Amino acid sequence: RWFNTQIVDIWFVVFYAGALHILLKPEKKSINFLLLGTCIGMIVGTKYSGPFFAVILLLVFGKQTVKNFSLKNALLFFVPLSILGLFWYIRNYIVKGNPFYPLAFLYFPGVKNWALEEPVWKAIITHPFSMMSALISEYLGWSLVFFSIFKLKELNMKGKLILLGLLNLIVYLFLPNGSSYTVHVSNLRYAIPIMMPFILWVFLYAKQNNKEMELSFFAFANIIFSLQFAYHPKLIFVYILVLVLSAIFYFRKVSQ
C-alpha cells in the first residue's frame with residue numbers, strides 16, 4: 001500500500017525488473033549490454049542499498065552474460081553503469097565525506113540522531129508482532145511466498161529465483177529500520193527485491209502446474225486491497241471472502 005506512494009522505490013523496482021528480464025534472456029546483441037548497464041547503473045545510483053542488490057543479481061544470473069562479453073560489450077555495459085550509478089557515490093564522498101550518505105557505513109559518518117537507527121534484523125527480534133503485522137498489512141497473501149524456499153531443490157532458473165530472494169533477504173536484514181510501527185510498515189518497500197523473485201517464482205510454478213486461474217483470483221484479491229492507503233485489519237475477512245467466493249465460482253464453472 002505505502003510502496004505505491006514512493007516514487008524512488010517505484011523506479012528502483014522498474015530498473016531492477018528490467019535488469020532481471022535481460023539477465024533471464026541473455027543475448028549477444030550490443031543493445032542488451034547497453035540496456036543492462038543502464039538498468040544496473042540506475043539500481044546502483046537510485047538507493048544506497050542498490051549496489052548490494054545489483055551484485056547479488058549479477059552473481060546469480062549473470063554467468064551467461066559474462067560469457068558474451070567482448071571489449072565493445074564491456075564498454076557498453078560499464079560506461080552507463082559508471083555515469084548513472086558510481087558517479088552518485090563519488091558525489092556523496094566529495095560533498096558529504098561518505099559515499100553511502102545518509103547511512104553510516106564503516107568509518108564513514110552518517111546523519112546524526114537518524115530515526116532509522118535500528119537494523120531490520122533487530123526490529124524483527126525486538127518487535128516481532130509489529131513487524132509481522134506490518135508485513136501482512138503491506139503484502140497480505142503474498143507474505144506466504146517465503147514458503148517457496150522449501151521448493152529449492154536444484155539451481156535451475158526457478159531455483160535461482162528462490163536463491164535470489166533469499167540472498168536479497170540477507171541484505172534487507174541489515175538495512176535501516178526503527179522501533180515504531182509506522183517505520184516498520186514504511187520500510188517494507190525496501191523488501192521489493194526480495195518479494196519480486198519469489199512472486200515471479202509463484203507465477204512460473206502456477207503456469208507449470210496449470211494453476212493460473214486459481215492464482216489470478218488470489219492476485220486480484222491482493223490488488224483490491226493494495227488500492228487503499230490506510231490499513232483496516234477487519235477487511236481481511238472481506239479479502240478471505242473474495243477468495244472463497246471466487247474459488248467456488250471457478251470450480252462450479254469447471255465442473256459444468
Side-chain angles (χ1 to χ4, degrees), residues 1-6 9-10 12-14 16-18 20-21 24-25 53 57 60-61 120 124 128-154 156-169 172 181 184-256:
R1 297 171 300 110
W2 287 20
F3 163 72
N4 297 333
T5 68
Q6 305 300 316
D9 296 281
I10 290 172
F12 181 89
V13 172
V14 168
Y16 190 89
L20 179 58
H21 172 72
L24 286 175
K25 297 182 178 180
F53 289 127
L57 181 60
V60 176
F61 285 108
V120 174
I124 293 174
F129 296 107
S130 178
M131 289 292 289
M132 179 60 68
S133 176
L135 178 66
I136 295 173
S137 78
E138 282 297 281
Y139 296 110
L140 288 176
W142 290 123
S143 304
L144 300 174
V145 297
F146 292 100
F147 287 103
S148 63
I149 62 176
F150 297 109
K151 293 290 185 177
L152 180 58
K153 298 177 181 179
E154 57 180 330
N156 52 18
M157 191 268 281
K158 289 195 298 181
K160 286 184 177 180
L161 285 172
I162 298 176
L163 177 62
L164 178 64
L166 286 173
L167 294 176
N168 286 344
L169 174 61
Y172 174 68
Y181 178 71
H184 297 163
V185 175
S186 177
N187 283 22
L188 275 170
R189 66 185 189 271
Y190 301 155
I192 291 295
I194 304 169
M195 302 300 291
M196 182 185 294
F198 279 140
I199 292 175
L200 178 55
W201 179 88
V202 171
F203 274 91
L204 292 175
Y205 181 83
K207 181 179 180 180
Q208 184 181 41
N209 294 276
N210 298 316
K211 299 293 183 181
E212 294 154 298
M213 184 59 71
E214 292 89 335
L215 181 60
S216 68
F217 295 134
F218 178 77
F220 180 69
N222 280 275
I223 291 172
I224 292 176
F225 286 87
S226 68
L227 300 178
Q228 58 175 355
F229 186 76
Y231 177 47
H232 304 286
K234 292 180 181 179
L235 288 180
I236 290 181
F237 293 105
V238 180
Y239 168 79
I240 295 173
L241 181 62
V242 170
L243 287 177
V244 172
L245 292 178
S246 298
I248 292 174
F249 172 78
Y250 169 71
F251 286 114
R252 277 187 177 180
K253 187 175 180 181
V254 170
S255 62
Q256 292 176 354

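This structure is a prediction, so every number in the text was calculated from the model and none was measured.
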### Query
For S148, what residues pass the side chain to side chain donor-acceptor pair (under 3.5 Å) criterion, not counting sequence neighbours?
none

### Message
Quick check for you: to the nearest 0.5 Å, what is the distance between E138 atom CD and H184 atom NE2?
### Response
13.0 Å

### Message
Counting C-beta onward and ignoring hydrogens, is there a side-chain heavy-atom pair between M196 and N168 closer than 4.5 Å?
### Response
no

### Query
Nearest heavy-atom pair of L152 and G159: which atoms, and what distance?
CD1-O, 3.3 Å

### Query
Going by heavy atoms in the side chains, are F198 and L164 under 4.5 Å from each other?
no

#### Entry: Spatial distance of atom OH (Y181) from atom CZ (F129) [nearest 0.5 Å]
14.0 Å

### Task
Grab the two heavy atoms, one from F53 and one from Y190, that are nearest each other, plus how far apart they are.
CZ-O, 4.1 Å

### Beyond-backbone contact of D9 with I192, side-chain heavy atoms, under 4.5 angstrom
no

#### Entry: With sequence neighbours excluded, residues passing ring-ring contact (aromatic ring centres under 6.0 Å, His included) with F61
none

### I124: partners by side chain to side chain contact (heavy atoms under 4.5 Å, CB included), with sequence neighbours left out
V120, M131, L173

#### Entry: Partner set under side chain to side chain contact (heavy atoms under 4.5 Å, CB included) for K151, not counting sequence neighbours
I162, W201, Y205

### Query
So how far is it from L167 CG to I194 CD1, rounded to the nearest 0.5 Å?
10.5 Å

### Query
Among all residues two or more places apart in sequence or in another chain, which pass the side chain to side chain donor-acceptor pair (under 3.5 Å) test with K160?
none

### Y172: side chain to side chain donor-acceptor pair (under 3.5 Å) partners, not counting sequence neighbours
none

### Query
Would a distance-only check, ignoring hydrogens and angles, find a side-chain to backbone donor-acceptor pair under 3.5 Å from Y139 to V145?
no

### Task
Rounded to the nearest 0.5 Å, what's the gap from CD on E214 to CD on E212? Could you check?
9.0 Å

### Task
Supply the atom-to-atom distance K25 NZ to L20 CG, rounded to the nearest 0.5 angstrom.
11.0 Å

### Query
Of all heavy-atom pairs between A134 and V185, which one has the smallest distance, and what is that distance?
CB-CG2, 3.6 Å

#### Entry: CZ on F203 to CG on L215, rounded to 0.5 Å
4.5 Å

### Task
Compare all side-chain heavy atoms of L24 with those of L200 and state whether any distance is below 4.5 angstrom.
yes

